[in-house]
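Reading through the structure tokens given below for one structure.
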Amino acid sequence: MPAAASRPADSLSHRIAHLIRAIPHGTVATYGQIAALAGNPRAARAVVWVLRRGDAHRPLPWHRVINARGSISLPRGDGFEVQRALLEDEGISVDSEGRVDLKQHLWTGS
DNA sequence: AGCATGACTAGGC
DNA sequence: AGCCTAGCCATGC
């Protein structure tokens, strides 16, 4: 079965989705961190794409991904509130500005 | 093939 | 410390 030059299973996007599902409950990861683990430290925007696209087949813990400054990147609004609620449900404190204590909750990647 | 979108980031001022 | 700019990646039209 040659052909199939870029099967989803081997694509960067798929690796990204896989990594996101690997983020442990109660911890968070940054876009850049996921990108780096997926092989491209500069593919943070690709991570965003995957998160926005979502996965119709399996649940994606999208709420565990935040930006490098340790805060929720969604614009203020419903999405923002939902993410904050989901994180707090996992025992992660999020202040009114959407900031999380990375020292305490950042996924070490292992 | 070119332009636009998106929840990003590092670096410069 | 905050704002702006330029890079980077995958997809959709």
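Below, read A as the first sequence line, B as the second, and so on, with proteins coming before strands; counting in each chain starts at 1.
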Listed nucleotide nearest any side-chain atom of A/Tyr31, set C/dT11, B/dA7, C/dC9: B/dA7

Selected nucleotide, minimal atom distance to A/Arg45 side chain, candidates C/dT11, C/dG7, B/dT9: C/dG7

A/Arg53 (side chain) and C/dG12 (base): donor-acceptor pair under 3.5 Å: no

OP1 or OP2 of B/dC8 under 4.0 Å from side-chain N/O of A/Thr30: no

A/Ser73 side-chain N/O to B/dC8 phosphate OP1/OP2 under 4.0 Å: yes

Gap between atoms [atom1] and [atom2], on [X] and [N] respectively (whole Å):
X       : N     : atom1 : atom2 : value
A/Trp49 : C/dC9 : CH2   : C1'   : 11 Å
A/Asn67 : B/dA7 : CG    : P     : 12 Å
A/Leu12 : B/dC8 : CG    : P     : 17 Å
A/Arg52 : C/dC9 : CZ    : C1'   : 16 Å
A/Arg42 : C/dC8 : CZ    : P     : 7 Å
A/Leu74 : B/dC8 : CG    : P     : 9 Å
A/Leu86 : B/dA7 : CG    : P     : 18 Å
A/Ile34 : C/dC8 : CD1   : P     : 21 Å

Main-chain N/O of A/Ala43 paired with A/Asn40 side-chain donor or acceptor, under 3.5 Å: no

Residue whose nearest DNA chain B nucleotide is more 5′ - A/Ala46 or A/Gln33: A/Ala46

Heavy-atom pair with the smallest gap, counting every atom of A/Ala29 and A/Leu106: CA-CD1, 4.0 Å

Within 6.0 Å of CG in A/Asp78, more than 12 heavy atoms from elsewhere: no

Greater than 12 external heavy atoms within 6.0 Å of A/Arg69's CZ: no

Donor + acceptor pair across side chains of A/His105, A/Glu90 (<3.5 Å): no

Pairwise P distance, C/dG7 and B/dA7 [rounded to whole Å]: 22 Å

